[in-house]
Amino acid sequence: MPKLKRTHTCGELTVEDVKKTVVMTGWVNSSRDHGGVTFIDLRDRYGITQIVFNPEAGEELHRNARILRPEFVIAVKGVVSLRSDETINPNMETGKLEIIADELELLNRSETPPFEISESETITSLEIRLKHRYLDLRRFQMQRNLIFRHKSYQIIRKFLDNINFLEIETPFLTKSTPEGARDYLVPSRVNQSKCYALPQSPQLFKQLLMVSGYDRYFQIVRCFRDEDLRSQRQPEFTQLDLELSFIDEEDIYEIIESLMAKLFSELLEIDIPTPFPRLSYKDAMDSYGCDKPDLRFGLKIKNLTDLAGKSDFKVFTGAVESGGKVKGINAKGCSKFSRKDIDDLTASLADCGAKGLAWFKVEDGRVLTSSIAKFFSKELQDEIADRLEAEPGDLLLFVADKDKVVDSSLAQLRLNLAKILNLTKKDDFQFTWIVEFPLFEFNSDMDRFDSLHHPFTSPRSEDLSILDEKPLEVKARAYDLVVNGVELGGGSIRIHDPEIQKKAFKLLNIDDESARSKFGFLLDGLKYGAPPHGGIALGLDRMVALMLGLDDIREVIPFPKTQKATCLMTGAPSAVDQVQLKELGLKIDD
RNA sequence: GGGGCCGUAGCUCAACUGGUUAGAGUACCAGACUGUCGAUCUGGAUGUUGCGGGUUCGAAUCCCGUCGGCCUCGCCA
């Protein structure tokens, strides 16, 4: 049992504490042994404080101090003292103070760690960091990230509690609903040959909580999706999940906007103007080529299909004739781009399917120059220049192809240009609501309609009459929250009328029987006085990463998975004992 | 499932077109040093070049396979 009991943390001493006898505990961050006097920087999650071991304080104490190595765990008793002017360290928060040690207790040794914890600049590979995550989490940056995350949770809970939200838990072992993402399955021992599924989201439960009268629900909840990973996507991730009754879209917008404003002001001292601008799905696709545009910069996409058809340029006319389109971006001030610069841009769009990038440079007098200029009459060139608001010094870039290719490649081009031109600032947060989503999209592979959002999303009431004849024109009461090109979350007003729900299933080609077997409990619930309701879910990993200026959500998740969904620390997933499999009635084919 | 990048000392990286004994910084170990704070100085130890096969007089380097990490398309209602 340790003798010394901590009285202060390594970050809390001030000049007020001078002359006090204190006990501190922590890890040896670094040591500087001068043969005589020996210094130890002691670290805990609150900060770093310098400990001084003078030989005069005792031979044994000094000898013991000299054998300390990084990451040893110690307790030190000593007197707080003010450093002399020339030994103050201005780079350290506690740099005006130090502890003159008179007692040292070695609480534990440490093997030499695989990487240095104290080193703030050296970036160890993610692979090594994940393998020894318990050490990686000891680093200042990771502690800062997790502490920040904790603080955001406290603000969220307090904010929602204040406006009557109830935090209610929903099951993790639940029923598989094979629509949407792939489920993680958990075989049942008690019910052989049957499986639970881990929830992709608590969607149906929170709707049923509305039926039960808990008219403002929230949960900070883990969700599971067995899909391929990205830097913004983990197989288990955390959502802030909300559902409300007797509300409409405006109530959701207002609550989320105030919550975001509060988080940003309290955690970052950044003023987020509200209300957030709203952009229809159609306008987003037209002007930015995607439904999660980064609005920190312009570079809007313009449609030139009508003009392109009048040219003699085969790539353009061909695209128009085969039902595609031609759109372009004015890269302001980029006429100096070399042939290689443009080739690099083109190459970066290959993934999106773009076979080429047509371009014009805008010279003095708004003369367009390009190897393809001869295919465009002077009048046509002027019209193109007008459409793109071209000025001398600009570079006009075009993609001609099928709709989907044009949109995705110009969306990508926008982002690439912004990066090259350094148009984005880390502390600039441009929120927007994407609204007026179509309710359905046509799935040509399966020859049916699919929900763009999910099957419980309500159509706009004014569109109910065309639900049968023109389903693709029906707009959903759905909304996404987008910040700086990141989809932070989304939600919708739900269908609370079982008849309309039935109709929606019908259009989605979900027959009565399968609707009943998959969602019967929801349909039943809706029969017993379901209030009008709706909600939203925000990706908290993404939100915290975004606020900290990080691109990878693994930086804000204590124990994340690799791209192959494994855990390098625990070795999960792993083979299991035959006995366990037998109990579950499972056999694994090799 | 497709495309791309990467794997060399504990860690981060180097090694020209295939060529002699695979190097550097840092960490580590030992010694020196009484005010440092990325301490300094002196010395030392450290390699299955991810793994397996092939080409070659000769492979870290080229080829094939495989394992692992990352990025990306598909996928993520």
Side-chain angles (χ1 to χ4, degrees), chain A residues 29-42 48-57 62 66-67 69-71 81 83-92 94-95 98 100 111-132 135 177-183 200-201 203-204 223-235 237 347-353 405 408-409 412 437 439-441 443 445 449-457 476 478 487 490 492 504 508 510 518-519 537 539 551-552 554 561-564 566 568:
Chain A
N29 193 59
S30 61
S31 62
R32 293 172 294 282
D33 178 358
H34 286 245
V37 66
T38 292
F39 301 94
I40 297 286
D41 286 345
L42 189 65
I48 292 179
T49 298
Q50 174 165 282
I51 317 289
V52 184
F53 294 92
N54 286 310
E56 294 79 9
H62 186 243
R66 293 183 68 185
I67 62 158
R69 292 290 175 272
E71 306 314 316
S81 55
R83 299 197 199 180
S84 63
D85 284 350
E86 63 279 11
T87 62
I88 287 175
N89 184 346
N91 302 318
M92 230 170 135
T94 59
E98 60 193 5
I100 309 298
E111 285 187 16
T112 302
F115 52 89
E116 290 155 76
I117 312 302
S118 58
E119 200 70 53
S120 51
E121 286 163 40
T122 308
I123 298 138
T124 311
S125 69
L126 189 62
E127 195 174 352
I128 302 288
R129 290 174 56 204
L130 291 181
K131 184 166 181 198
H132 305 275
L135 291 177
T177 51
E179 271 70 25
R182 218 173 276 120
D183 282 324
Q200 298 175 28
S201 87
Q203 183 62 35
L204 302 182
C223 301
F224 305 86
R225 294 180 189 175
D226 187 5
E227 297 294 344
D228 284 359
L229 286 78
R230 293 283 191 283
S231 55
Q232 289 276 324
R233 231 159 63 192
Q234 281 275 308
F237 61 99
S348 71
L349 305 183
D351 270 349
C352 309
V405 171
S408 63
S409 46
Q412 189 59 50
F437 284 90
L439 188 62
F440 302 114
E441 60 186 346
N443 182 333
D445 293 341
F449 299 105
D450 279 348
S451 297
L452 207 69
H453 193 60
H454 61 52
F456 319 108
T457 300
E487 186 196 326
S492 63
L508 292 166
I510 301 173
K518 287 170 182 164
F519 315 114
D551 294 326
D552 190 337
R554 283 173 290 207
K561 304 280 189 289
T562 67
Q563 196 174 38
K564 280 209 177 143
T566 66
L568 293 178

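Quick caveat, the model's predicted, so the values are computed rather than measured. So you know, we letter chains A, B, ... as the sequences are listed, proteins then strands, and number each from 1. Reckoned from all heavy atoms, side chains included, excluding hydrogens, waters and symmetry mates.
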Can you name the nearest heavy-atom pair linking Leu126(A) to Asp552(A), along with the distance?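 Looking at all heavy atoms of both residues, the shortest contact is CD2-OD2, 4.5 Å.
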Taking a pair as Watson-Crick or G-U wobble with both distances under 3.5 Å, which nucleotide is matched to C5(B)?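 Partner of C5(B): G69(B).
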Looking at [X], I'd like to know whether one of its side-chain N or O atoms comes within less than 4.0 Å of OP1 or OP2 on [N].
| X | N | value |
| --- | --- | --- |
| Arg554(A) | C71(B) | yes |
| Ser125(A) | U12(B) | yes |
| Arg230(A) | C70(B) | no |
| Arg129(A) | C11(B) | no |
| Ser348(A) | U72(B) | no |
| Gln50(A) | U36(B) | no |

Assign [X] to base, sugar-phosphate, or nothing according to its heavy-atom contacts below 4.0 angstrom with the strands shown.
| X | answer |
| --- | --- |
| Leu452(A) | sugar-phosphate |
| Ser84(A) | nothing |
| Pro70(A) | sugar-phosphate |
| Leu130(A) | nothing |

Ring centres under 6.0 angstrom apart (Phe237(A), Phe224(A)):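 No, the ring centres sit 6.0 Å or more apart.
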Verify stack between Phe39(A) ring and U36(B) base, 5.5 Å, 30 degrees: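 By the stated criterion, Phe39(A) and U36(B) stack.
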His34(A) ring over A39(B) six-membered base ring, under 5.5 Å and 30°: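 Per 5.5 Å and 30° rule: yes, stacked.
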At less than 3.5 Å, do the side-chain atoms of Asp351(A) and the base atoms of C73(B) form a donor-acceptor pair?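 Donor-acceptor pair under 3.5 Å: no.
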Distance-only donor-acceptor test (3.5 Å): side chain Arg83(A), base C37(B):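 For Arg83(A), whose side chain was compared with the base of C37(B), there is a donor-acceptor pair (under 3.5 Å).
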Anything under 3.5 Å between a protein N or O and an N or O of nucleotides 41-47 of chain B, put it in a table, one pair a line.
none

Report the C-alpha separation of Asp228(A) and Arg233(A) in whole Å, then their side-chain angles, then the decisive distance to 0.1 Å, and conclude whether the salt bridge (Lys or Arg N to Asp or Glu O under 4.0 Å) test is met. CA-CA 8 Å; Asp228(A) 284 359; Arg233(A) 231 159 63 192; over 6 Å; no
